[in-house]
Amino acid sequence: MWLMLLALLSPNAWAARVYWVGAPTDADRAAVARTVEGATTAPWSEMMPSVSSGDSLSVLANEIASCKNLFEVFDGELQVMARLQKAVADVQVLRSAADRQLVHSALIMQGTAVQRYFQGALATEDGAQPYRTMLSGQALVRSWTHAVALYTPEGASVAPPVLPDPAASLAFDATQAAVRLRPSASVAFGALAEGAAVFVDGVRVETTPGFRLLLSPGRHYLHVQVGEVLLWRFADDIAPGQTVAVEAPFGPAERDALLMRLTGGKDGWVVPTAVSGLAHGEPLYLAVPGSKKPRLIRIDGGVAANVPITAESAGGGGPLVRVAAGAGWLSTGDFFLQNVDDGAPYSVGTVNSFAPAGSVTGAWRRGLLEVGAGVDVQVAVGEVHTLPTGASQTRTFVYPYVAVGIPWLQLTLGPQFPWYFGIGGQARVPLAGPVELYARGVYGVGVPLAREGDAPDFKPLPAVSAWGGVSLRFGG
């Protein structure tokens with residue numbers, strides 16, 4: 001019991017359904033899946049309920065033809081009963097008087113086989129159980145009761161069936177009288193789609209909402225169609241006093257009208273009853289494909305409402321490592337000041353250098369937050385692009401840093417050797433799988449350095465660098 005209650009209270013107990021108005025891309029599907037979790041999707045063509053009538057009538061016609069000669073075979077009635085029982089049960093739709101006559105003929109033929117084989121033992125033989133109906137203690141041939149119950153319009157004349165002998169005729173007359181004495185069943189008609197035609201046992205019936213049609217109890221065939229599209233069907237026994245409701249308010253015209261409303265892009269319009277009825281108490285959505293951001297409309301609340309698309313998450317979470325390589329630019333006035341005595345030229349090229357670069361970053365991602373630490377290395381190239389560090393010269397700018405931000409853009413802070421404090425940023429653009437475009441920029445604030453003796457402090461000029469390349473992501 002508790003498990004059943006939990007299932008009912010579960011948010012996915014009633015799954016939402018999304019109909020696509022057009023062909024969605026993979027990005028469209030992913031966007032809707034993020035927004036309406038656990039929803040089932042279907043193409044626009046399935047928005048309009050439709051059912052199949054199958055090819056059962058042609059099978060029934062072949063069976064009738066094949067069974068005619070079986071009456072001349074010893075115990076051939078048993079084959080007739082069994083074969084027609086299956087063939088008639090498979091029939092779901094009668095579209096015309098000819099279809100009705102075909103079923104009627106099959107029922108009369110099967111009933112004749114039942115009456116001839118069982119005769120007075122119909123009420124007692126175990127083998128007769130599938131083929132009999134008990135009414136007021138009287139055993140009747142079931143297929144004959146169904147044949148008698150088929151709807152006949154008032155005033156229409158129906159030729160009596162051709163039966164093989166007087167005993168069969170008397171048995172059929174008794175069956176007909178017993179069926180007519182039973183309390184009626186009925187069919188109640190509700191809202192129907194524009195242009196809908198209603199058929200009862202192959203007879204087209206003119207209806208209006210609220211109209212009721214009385215029928216003899218028995219097996220009946222009801223369906224609603226618009227043109228050749230079958231919207232609704234029923235093929236089953238209707239008991240005395242039972243009422244079957246017929247409703248099929250959504251058809252081709254209603255679907256086309258709904259599509260016109262969707263293309264308007266407006267929000268808050270009243271959902272037609274024919275549309276909201278398709279929800280059956282479950283969330284119902286329409287999705288219009290778009291460039292990675294489809295339009296999603298919830299239509300089962302009485303008023304159509306645009307649903308915001310849930311933003312794509314940053315991806316997975318947890319630890320990750322990035323390795324990047326590329327090249328860029330490095331500039332500082334100290335390239336000139338520290339090398340002018342050695343012949344550095346007075347030119348723009350002296351303070352600007354081409355610089356191959358690389359970096360390694362370790363980070364932790366949770367949702368849209370990413371924090372990490374790493375090291376960035378740039379190497380200035382050129383004859384005068386060196387800086388003194390004690391008794392040696394260096395071309396290498398090493399930048400250990402911490403980073404914080406979103407997965408695609410972070411602020412970085414840390415010392416930049418040989419003598420700066422670096423304030424920078426790094427950005428990434430995903431390409432495919434773990435491959436990303438990578439870019440970095442750093443502004444190095446010069447850190448004064450004390451000199452020996454009475455010499456003034458060394459005050460380096462700022463350094464500016466930027467580079468781009470490709471990175472590989474592992475994890476995350």
Side-chain angles (χ1 to χ4, degrees), residues 51 53-54 56-57 60 84-85 87-111 114 130-136 138-161 163 171-193 196-226 230-249:
V51 292
S53 61
S56 54
L57 286 168
L60 179 61
L84 291 182
Q85 183 87 341
V88 171
D90 287 344
V91 175
Q92 300 295 311
V93 175
L94 303 181
R95 293 182 183 267
S96 66
D99 293 349
R100 180 190 188 280
Q101 184 58 46
L102 186 66
V103 170
H104 186 269
S105 298
L107 293 171
I108 295 298
M109 179 181 287
Q110 184 192 26
V114 173
Y131 307 110
R132 68 175 175 239
T133 294
M134 302 301 296
L135 293 180
S136 302
Q138 180 184 8
L140 301 176
V141 177
R142 183 190 297 272
S143 59
W144 280 355
T145 66
H146 290 329
V148 171
L150 289 174
Y151 171 65
T152 301
E154 188 174 343
S157 59
V158 178
L163 297 166
F172 182 81
D173 289 343
T175 299
Q176 186 166 246
V179 171
R180 298 286 188 253
L181 284 172
R182 302 177 78 190
S184 295
S186 67
V187 178
F189 298 94
L192 299 175
V198 180
F199 289 79
V200 178
D201 297 334
V203 178
R204 181 166 179 172
V205 178
E206 297 299 328
T207 70
T208 55
F211 174 69
R212 296 171 73 91
L213 180 68
L214 297 180
L215 299 173
S216 295
R219 185 173 178 84
H220 290 282
Y221 303 84
L222 318 173
H223 77 270
V224 179
Q225 67 183 61
V226 176
L230 196 61
L231 299 182
W232 181 90
R233 63 175 167 81
F234 171 95
D236 206 346
D237 288 4
I238 306 179
Q242 181 184 355
T243 297
V244 174
V246 178
E247 280 197 343

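It should be emphasised that the depicted structure is a prediction, and the values quoted were computed from it without experimental measurement. Reckoned from all heavy atoms, side chains included, excluding hydrogens, waters and symmetry mates.
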Original post:
Under the ring pair (Phe, Tyr, Trp, His ring centres under 6.0 Å) test, which residues partner Tyr151, sequence neighbours left out?
Top reply: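 Partners of Tyr151 by the ring pair (Phe, Tyr, Trp, His ring centres under 6.0 Å) criterion come out as none, since no residue qualifies.
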Backbone N/O of [Y] and side chain of [X]: donor-acceptor pair under 3.5 Å:
X: Ser143; Y: Gly111; result: yes
X: Arg142; Y: Tyr131; result: no
X: Trp232; Y: Val246; result: no

Taking only residues two or more places apart in sequence, or in another chain, which ones meet [X] in a side-chain contact (heavy atoms from CB on, under 4.5 Å)?
X: Thr207; answer: Phe189, Leu192, Val198, Val205, Phe211
X: Ala188; answer: Arg212, Thr243
X: Ala235; answer: Gln92, Arg219, Tyr221
X: Pro240; answer: Arg182, Pro183, Pro217

Original post:
What's the spacing between Leu181 CG and Leu135 CG if we round to 0.5 Å?
Top reply: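 Here the interatomic distance stands at 9.5 Å.
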**OP:** Taking all heavy atoms of Arg180 and all of Ser216, pick out the closest pair and write down the distance.
**Re:**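 Heavy atoms of Arg180 and Ser216 come nearest at NH1-OG, 3.6 Å.
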Subject >> Validation row: Val187, Gln242 side chains within 4.5 angstrom (heavy atoms) >> reply: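 Of all side-chain heavy-atom pairs linking Gln242 with Val187, none is under 4.5 Å.
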**OP:** Determine whether His223 and Arg95 make a side-chain contact, defined as any pair of heavy atoms from C-beta on separated by less than 4.5 Å.
**Re:**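 His223 vs Arg95: side chains touch.
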Subject >> Qualifying residue for side chain to side chain contact (heavy atoms under 4.5 Å, CB included) with Val91, from Val103, Asp99, Leu102 >> reply: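 The single option meeting the side chain to side chain contact (heavy atoms under 4.5 Å, CB included) with Val91 is Val103.
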**OP:** Tell me, please, which residues at least two apart from Glu247 pass side-chain hydrogen bond (donor to acceptor under 3.5 Å, both in side chains).
**Re:**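 side-chain hydrogen bond (donor to acceptor under 3.5 Å, both in side chains) check on Glu247 returns nothing, list empty.
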